[in-house]
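Values in this document were obtained by computation on a predicted structure and should not be read as measured data. When a residue number appears, it is its place in the shown sequence, counting from 1.
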Amino acid sequence: MTVEQHEKPYRERMFSLVADPELKAMETRYEPYLDIHAIEDVLEGCDIIQAPLGEVPTGKLIWKEGYDLPLELKRDIINLYNKHFIDQEAG
């Protein structure tokens with residue numbers, strides 16, 4: 001497999017995560033918290049980086065330092081990440 005073939009699933013998964021209506025719903029749900037803490041979007045407190053070639057899942061969720069996100073928001077981010085990076089691995 002070429003590097004591009006390994007990267008394609010990551011890019012597709014990130015695109016589907018960002019386009020997921022659940023992400024927009026999270027933005028609306030947590031808007032008061034985001035406004036109070038001057039956070040632009042719910043994913044600002046984390047990164048989803050591409051995993052090294054050949055690793056499954058193809059992306060890794062990493063929490064950024066300096067953000068004290070509510071547990072409910074973290075849970076929702078993890079569920080969204082799992083939906084696009086973990087649950088699709090079997091399919």
Side-chain angles (χ1 to χ4, degrees):
M1 289 188 146
T2 67
V3 170
E4 187 173 61
Q5 288 171 315
H6 282 288
E7 290 177 1
K8 187 176 181 182
Y10 170 80
R11 283 191 298 244
E12 287 177 6
R13 291 168 193 268
M14 279 303 297
F15 179 76
S16 66
L17 183 141
V18 172
D20 193 315
E22 287 182 40
L23 183 60
K24 181 67 174 166
M26 286 171 52
E27 296 282 348
T28 302
R29 179 178 180 192
Y30 294 103
E31 185 175 6
Y33 174 84
L34 300 175
D35 288 346
I36 289 170
H37 296 284
I39 297 174
E40 297 228 2
D41 63 67
V42 294
L43 296 178
E44 188 174 317
C46 66
D47 284 320
I48 300 174
I49 62 168
Q50 186 170 1
L53 293 178
E55 281 194 22
V56 176
T58 58
K60 294 183 179 187
L61 176 63
I62 300 185
W63 299 106
K64 294 179 183 176
E65 290 185 31
Y67 289 88
D68 188 21
L69 302 176
L71 292 178
E72 232 178 75
L73 175 54
K74 282 187 171 185
R75 183 201 65 217
D76 288 346
I77 292 170
I78 290 168
N79 288 340
L80 189 62
Y81 166 81
N82 286 343
K83 176 181 176 183
H84 293 279
F85 283 89
I86 304 299
D87 296 344
Q88 291 183 1
E89 293 299 339

For [Y], is there any backbone N or O sitting under 3.5 Å from a side-chain donor or acceptor partner on [X]?
X   : Y   : answer
E22 : L80 : no
Y81 : G59 : yes
D47 : I49 : no
E44 : E40 : yes

Indicate yes or no: at least one non-hydrogen side-chain atom of [X] is less than 4.5 angstrom from one of [Y].
X   : Y   : answer
L43 : L17 : yes
Y30 : D76 : yes
M14 : H84 : no

Distance check, rounded to the nearest 0.5 Å: [X] atom [atom1] versus [Y] atom [atom2]?
X   : Y   : atom1 : atom2 : result
K74 : N79 : NZ    : CG    : 14.0 Å
E27 : L34 : CD    : CG    : 6.0 Å
N82 : R75 : CG    : CZ    : 12.5 Å

message: For K60 and Q50: C-alpha separation, side-chain torsions, deciding distance, then whether side-chain contact (heavy atoms from CB on, under 4.5 Å) applies.
response: CA-CA 6 Å; K60 294 183 179 187; Q50 186 170 1; over 6 Å; no
- prompt: Looking only at heavy atoms, what is the nearest atom pair of A51 and P57, with distance?
  reply: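 So the minimum-distance heavy-atom pair works out to CB-O, 3.4 Å.
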For Y67 against I39, the heavy-atom pair lying closest together: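 In this case the closest contact between Y67 and I39 is CD2-CD1, 4.1 Å.
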message: Can you tell whether the side chains of E72 and R29 come within less than 4.0 Å, N to carboxylate O?
response: yes
task: Mind running side-chain contact (heavy atoms from CB on, under 4.5 Å) on M26 and I77 for me, showing each step along the way?
output: CA-CA 9 Å; M26 286 171 52; I77 292 170; 3.6 Å; yes
- prompt: Does CD1 in I62 sit with more than 12 non-hydrogen atoms of other residues, nucleotides or ligands closer than 6.0 Å?
  reply: yes
- request: Count the heavy atoms of every other residue, nucleotide or ligand shown that sit under 6.0 Å from NZ of K24, and state whether that count exceeds 12.
  value: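 Result for NZ/K24: open.
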message: If you apply the rule side-chain contact (heavy atoms from CB on, under 4.5 Å), what do you find for C46 with L61, and how did you get there?
response: CA-CA 7 Å; C46 66; L61 176 63; 3.8 Å; yes
- prompt: Do the ring planes of H37 and Y33 sit parallel (below 30°), tilted (30 to 60°) or perpendicular (above 60°)?
  reply: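 Answer is tilted, since the angle falls between 30° and 60°.
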- prompt: Same hydrophobic cluster for L23 and F15, using side-chain heavy-atom links shorter than 4.5 Å among ILVMFWY?
  reply: no
